[in-house]
Amino acid sequence: MSITKTYDAIIIGSGIIGCNIAFELAKRGWKTINIDRLPGAGHGSTASSCAVIRVHYSTLDGTAMAYESFFYWDNWANYLETKDPDGMAKFIKTGVLVLKCQTNEYLKNTMGLLGELDIPYEEWDFAAVKKRFPILDDASYYPPRRPDDSAFGRKNKNALPGGVYYPSGGYISDPQLSTHNLEVAAEAYGAEFLFNSQVAAIHKEHHHVSGVTVADGTRINAPVVINVAGPHSFLINRLAGVEDGMKIKTRALRHEVIHIPAPSGFDFEAVGCPSSDRDIGCYWRPEVGNHILCGSEDPDCDPKDWIDDPDVFNRDTTAQARAQAYRLALRIPEIGIPRNIKGVVDLYDVSDDWIPIYDKSDLPGFYMAVGTSGNQYKNAPMVGKIMAELIEQCQSGRDHDNDPIQFHLEHQDRSINLAFYSRLREINMESSFSVLG
């Protein structure tokens, strides 16, 4: 097949980030097409997301970005300006609880960032935590260990002092549906989507990106190509020949999230909320059927399973799932651990410092929104906005590397420096280097 089509921008990937970029560019009048190897929007790693909406991050810019995104999720239908015939994803606004412990320095830095940005939060002692969640135990087990460690389950002298509760948080009912909502909203502005198609080549003319060819031979031309390929992003960067020009790179990391019943007699689905506990190295949130989703916060005891080929990896749960279940049982002693632990196994797109790259590249016209998995689902509305602004300014001649764009946040009346997300930054040591971002 040899067909040629022309657009203003080609977006490689149709996850939550890729669809939000399409929506924001289409609103500005751009003729866009998203190309995805899977059969529909949000069918990749987005579908496996826990879809937690939270405002706490380890950096000021990350926190400001998350809080700004909260306002769009809180008014999702108004933001999208259209109604999806398949239904609209729901923001289940439960708030978010983070337990204070030694490894997060009892959240002193986090509360400082929240205070600087006037983000509401409540400090709870453990009596207040127990009042809301009587199933939680206050014993400290730091550092997190695996069940085969002889010190697993050994309590420290001092119990956990409490936690911090953020009312501006919760989770999205269906991450794949939320992505379809964005697809429909983008299509209402003229955006197009090409599914079941894999990018086979990225073309250049006169040292500028000029388009792509997909596996069936179709040539698609555009002066702008945007890599939003999730766990495949490093392969797309190599295909474009831009990886050597990046100080910060991305890799695919295999992750397991378990799905186990809440304690009998406690309606966790109704009263629970997303929670983070670095003392045991786990996070969790409610799930349909009075279940709990629980993932690892990447403590030192959990090995990193880096994947060289994102198309070939083990999708079955392993000993890692049981380690997460046992650690969760330390915090929720009444939980029952099934003989066969079920869960979701998928890949994260992770940068060297777990902070994403939202940037141009050394190849004019080629842009990246990568390294986003695990902690950027919640930021999709803002990523769409900042990428649309960055692309328009760079295409108009701005030298973003030497004159970084300052993006104004309308709900906070402040600006963030987009150099924070540069491919040329040094590793940010303020990062948590984990799924928490």
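Scope of the values below: all heavy atoms of this structure, side chains included, with no hydrogens, waters or symmetry mates. Values in this document were obtained by computation on a predicted structure and should not be read as measured data.
- The shortest distance between side-chain heavy atoms of V184 and L80 does not fall below 4.5 Å.
- In the model, W76 has a side-chain atom that pairs as donor or acceptor with a side-chain atom of N181 under 3.5 Å.
- Closest of all the heavy-atom pairs between M65 and V383 is CE-CG2, 3.9 Å.
- Y326 OH: 12 or fewer foreign heavy atoms inside a 6.0 Å radius.
- In this structure, the side chain to side chain contact (heavy atoms under 4.5 Å, CB included) partners of E287, at least two apart in sequence or on a different chain, are H259, R285, H291, L293.
- Using a 4.0 Å cut-off between a side-chain N of Lys or Arg and a carboxylate O of Asp or Glu, D352 and K247 do not qualify as a salt bridge.
- Annotation: D308, atom CG; neighbour count of heavy atoms from other residues, nucleotides and ligands within 6.0 Å does not exceed 12.
- Of the residues listed (V228, L239, V225), the one engaging I12 in a side-chain contact (heavy atoms from CB on, under 4.5 Å) is V225, and it is the only one.
- Remark: the T179 side chain and the T46 side chain contain no N/O donor-acceptor pair separated by less than 3.5 Å.
- In this structure, K90 places its NZ atom where only 12 or fewer heavy-atom neighbours from other residues, nucleotides or ligands lie under 6.0 Å away.
- The 12-atom threshold is not exceeded at CG of D300, counting heavy atoms of other residues, nucleotides or ligands nearer than 6.0 Å.
- Two residues are said to be in side-chain contact when any heavy atoms from C-beta on lie closer than 4.5 Å; Y421 and D359 fail this criterion.
- Between L107 and H56 there is no side-chain heavy-atom pair separated by less than 4.5 Å.
- Screening residues 369-387 for salt bridge (charged side-chain N to carboxylate O under 4.0 Å, His left out) gives E24-K385 as the qualifying pairs, with residues at least two apart or on separate chains.
- Taking both residues in full, the closest heavy atoms of H203 and V212 are given as CD2-C, 3.6 Å, listed atom of the first, atom of the second, then distance.
- The closest side-chain donor-acceptor pair between E183 and S14, if any, does not fall under 3.5 angstrom.
- Across N227, I226, D36, a single residue satisfies side-chain contact (heavy atoms from CB on, under 4.5 Å) together with I11, and that is I226.
- Residue H408 qualifies as enclosed at atom NE2: its count of foreign heavy atoms under 6.0 Å is above 12.
- For E81, the CD atom counts as densely surrounded, since its 6.0 Å shell holds more than 12 non-hydrogen atoms of other residues, nucleotides or ligands.
- For Y377 and S178, the side-chain atoms include at least one donor-acceptor pair closer than 3.5 Å.
- Counting non-hydrogen atoms of other residues, nucleotides and ligands closer than 6.0 Å to CG of D399 gives a total above 12.
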Note to self: Assess the residue pair M387 and N20 against the criterion (side chain to side chain contact (heavy atoms under 4.5 Å, CB included)); give the C-alpha distance rounded to whole Å, side-chain angles, the decisive distance to 0.1 Å, and a yes or no.
What the structure shows: CA-CA 10 Å; M387 287 300 297; N20 228 129; over 6 Å; no

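- Residues L99 and S275 have side chains not in contact (no heavy-atom distance under 4.5 Å, counting atoms from C-beta outward).
- Applying the salt bridge (charged side-chain N to carboxylate O under 4.0 Å, His left out) definition to pairs two or more places apart or across chains, those involving residues 119-134 are K100-E123.
- A centroid separation of less than 6.0 Å is found between the aromatic rings of Y165 and W124.
- Ring geometry, H411 versus F71: the interplanar angle falls under 30°, so the pair is classed parallel (tilted spans 30 to 60°).
- When only modelled atom types and interatomic distance are considered, H255 and D298 share a side-chain donor-acceptor pair under 3.5 Å.
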